[in-house]
Number of protein chains: 2
Amino acid sequence: MSDDHDESSALGRIETEVALLMRFGEATRRATGTAEHRVLDRAAYVILRHLADAGPQNVSALAARLNLDGSTVTRQVSALQRDGLITRTPDPSDGRGTVISPTPAGLQRMAAVQAARTRLYGDMLADWSPEDRSTLAALLGRLNQALINRNRPR
Amino acid sequence: MSDDHDESSALGRIETEVALLMRFGEATRRATGTAEHRVLDRAAYVILRHLADAGPQNVSALAARLNLDGSTVTRQVSALQRDGLITRTPDPSDGRGTVISPTPAGLQRMAAVQAARTRLYGDMLADWSPEDRSTLAALLGRLNQALINRNRPR
DNA sequence: CTCAGATAGCTGTATCATACAGGTACTTAT
DNA sequence: ATAAGTACCTGTATGATACAGCTATCTGAG
């Protein structure tokens with residue numbers, strides 16, 4: 001085992017903090033916008049964001065991109081459709097496929113949740129310097145990229 | 001390096017990256033230590049860590065600390081007991097209470113998962129500078145602290 | 001053109017984490 | 001000694017997810 005004791009403590013701390021973040025993030029999500037209008041669950045939110053970001057696409061593409069099983073995406077999409085947040089249209093170039101598009105309502109709902117969360121972060125990080133915020137955003141981005149690269153090294 | 005920029009963009013990016021991290025973190029957990037010996041789920045892992053860290057304690061204390069419902073912790077603890085990872089002993093000073101202690105096997109299992117994850121991070125962050133790792137760890141720590149403070153603003 | 005194999009999406013079923021409500025046993029204050 | 005509070009457990013519900021199997025469709029070889 002090659003143990004770089006100095007660095008492994010940083011790694012250990014990262015591991016700890018990510019685990020904690022997962023726990024608290026879950027609680028926060030549950031608390032962010034309860035009651036009122038039915039909250040978007042984690043997957044629904046990322047689906048809408050991805051649609052808004054990368055344009056209409058089919059279930060398989062979404063599943064691949066979000067690291068989810070196709071059946072999960074199917075059900076999420078069905079729920080989103082039931083709530084009028086996305087529409088399904090037959091893929092004109094492939095009779096098997098369905099193209100998922102966000103509706104205006106879906107985009108709006110997504111934006112509202114996004115804004116609420118951003119506001120929440122602004123609130124929590126009120127006393128952070130702009131540099132620290134920026135650095136955190138950048139490092140998290142790199143961390144996620146590293147995660148993605150590891151899960152799909154192709 | 002123009003950081004004299006609208007701060008909300010950093011907040012937005014943080015929001016985005018945290019959401020992504022939640023998604024990928026889930027996948028990572030599922031992949032970390034599959035098959036072989038039954039993985040520790042998120043809650044079980046934090047419970048064991050907390051026990052190792054803060055010593056034996058009762059269900060209510062764990063639930064409060066981990067932001068979980070008491071019933072959830074009860075069930076998690078039952079599962080951990082079934083697997084021989086913790087022991088329950090009656091609280092000598094309170095007939096209603098039960099003190100939860102990690103067993104050697106529990107500590108060892110927890111340490112194994114922890115080591116595997118830390119190794120994984122070391123792997124993924126292989127090309128990061130020690131400074132960046134350290135900074136990420138520190139900023140995540142502050143982020144979690146901010147989350148905790150928000151959830152318990154007493 | 002026809003048929004075999006691949007692919008897209010859906011459905012059935014299972015698991016797991018979690019919450020809330022209600023019950024039982026014990027403790028504490030009056 | 002009784003009422004109120006507390007600790008934990010159990011019943012039940014929800015929601016996210018996976019895997020396996022199904023149907024409809026597409027594509028390519030003959």
Side-chain angles (χ1 to χ4, degrees), chain A residues 19 22-35 38-48 56-83 86-101 151, chain B residues 19 22-35 38-48 56-83 86-100:
Chain A
M22 301 276 295
R23 278 263 63 251
F24 286 118
E26 189 70 16
T28 300
R29 180 183 69 77
R30 217 170 275 126
T32 302
T34 24
R38 211 52 205 87
V39 192
L40 292 174
D41 48 76
R42 191 173 37 198
Y45 180 57
V46 249
I47 286 176
L48 278 173
Q57 54 202 279
N58 62 23
V59 172
S60 306
L62 281 171
R65 182 64 172 248
L66 304 176
N67 247 315
L68 288 173
D69 191 85
S71 67
T72 300
V73 175
T74 290
R75 274 179 258 256
Q76 292 286 349
V77 162
S78 300
L80 288 169
Q81 185 181 34
R82 169 178 36 75
D83 297 345
I86 60 99
T87 54
R88 279 176 163 116
T89 49
D91 186 333
S93 68
D94 186 337
R96 299 165 300 178
T98 332
V99 178
I100 316 297
S101 312
N151 288 339
Chain B
M22 301 275 295
R23 279 261 63 253
F24 286 119
E26 191 69 15
T28 299
R29 181 184 68 76
R30 217 170 276 124
T32 302
T34 24
R38 208 57 201 88
V39 193
L40 292 174
D41 49 78
R42 191 174 36 195
Y45 180 57
V46 249
I47 286 175
L48 278 173
Q57 56 202 278
N58 63 23
V59 172
S60 307
L62 281 172
R65 183 63 173 247
L66 304 176
N67 248 315
L68 287 172
D69 192 85
S71 67
T72 301
V73 175
T74 291
R75 274 178 256 258
Q76 292 288 349
V77 163
S78 299
L80 288 170
Q81 184 180 35
R82 169 177 38 74
D83 297 346
I86 58 99
T87 53
R88 278 175 163 117
T89 49
D91 187 333
S93 69
D94 186 337
R96 299 165 300 178
T98 334
V99 178
I100 317 296

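Below, read A as the first sequence line, B as the second, and so on, with proteins coming before strands; counting in each chain starts at 1.
B:Ser60 meets the side-chain hydrogen bond (donor to acceptor under 3.5 Å, both in side chains) test with no other residue; sequence neighbours excluded. A:Asp94 pairs by the salt bridge (charged side-chain N to carboxylate O under 4.0 Å, His left out) definition with A:Arg96, not counting sequence neighbours. For B:Thr89, the side-chain hydrogen bond (donor to acceptor under 3.5 Å, both in side chains) criterion is met by no residue, not counting sequence neighbours.
Pairing each heavy atom of A:Ile47 with each of A:Leu80, the nearest pair is CG2-CD1, 3.9 Å. Between B:Pro56 and B:Val99, the shortest heavy-atom distance links the atoms CB-CG1, 3.6 Å.
Taking atom CE of B:Met22 as the reference point, atom P of D:dA16 lies 13 Å away to the nearest angstrom. Remark: P of D:dT25 and CG of A:Asp91 are 13 Å apart, rounded to the nearest angstrom. Going from atom OH of B:Tyr45 over to atom P of C:dA17 covers 16 Å, rounded to whole Å. C:dT18 atom C1' lies 16 Å from atom CG of B:Leu62, rounded to whole Å. Straight-line distance from the CD atom of A:Gln57 to the P atom of C:dT7: 19 Å, rounded to whole Å.
The shortest side-chain heavy-atom distance between B:Thr87 and B:Gln81 does not fall under the 4.5 Å cut-off. Contact annotation: the side chain of B:Asp91 never approaches that of B:Thr98 to less than 4.5 Å [non-hydrogen atoms, C-beta and beyond]. Side-chain atoms of A:Ile86 and A:Leu48, non-hydrogen and from C-beta on, do get closer than 4.5 Å to each other.
For the pair B:Gln76 and C:dT18, the criterion of a side-chain N or O lying under 4.0 Å from OP1 or OP2 is met.
Under the 3.5 Å distance criterion, with hydrogens and angles disregarded, no donor-acceptor pair is assigned to the side chains of A:Ser101 and A:Arg88.
Each end of the helix from C:dC1-D:dG30 to C:dT30-D:dA1 gets its own axis, taken as the rotation carrying the C1' atoms of four end pairs onto the next four within a five-pair window, and the two axes meet at 10° to the nearest 10 degrees.
Taking CD of A:Gln76 as the reference point, atom CG of A:Leu62 lies at 11.0 Å (rounded to 0.5 Å).
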Each nucleotide N or O in nucleotides 6-9 of chain D that has a protein N or O under 3.5 Å away: list the pair and distance.
unit_1 : atom_1 : unit_2  : atom_2 : d
D:dT6  : O4'    : B:Arg96 : NH1    : 3.0
D:dT6  : O2     : B:Arg96 : NH1    : 3.1
D:dC8  : OP1    : B:Thr98 : N      : 3.1
D:dC8  : OP1    : B:Thr98 : O      : 3.4
D:dC8  : OP2    : B:Ser60 : N      : 2.8
D:dC8  : OP2    : B:Ser60 : OG     : 2.3
D:dC9  : OP1    : B:Arg88 : NE     : 3.2
D:dC9  : OP1    : B:Arg88 : NH2    : 3.3
D:dC9  : OP2    : B:Thr74 : OG1    : 3.1
D:dC9  : OP2    : B:Arg88 : NH2    : 3.3

Any N/O pairs under 3.5 Å between the protein and nucleotides 3-5 of chain C? List them or say none.
none

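Judged by distance alone, the side chain of A:Thr74 and the main-chain N or O of A:Gly70 form a donor-acceptor pair under 3.5 Å.
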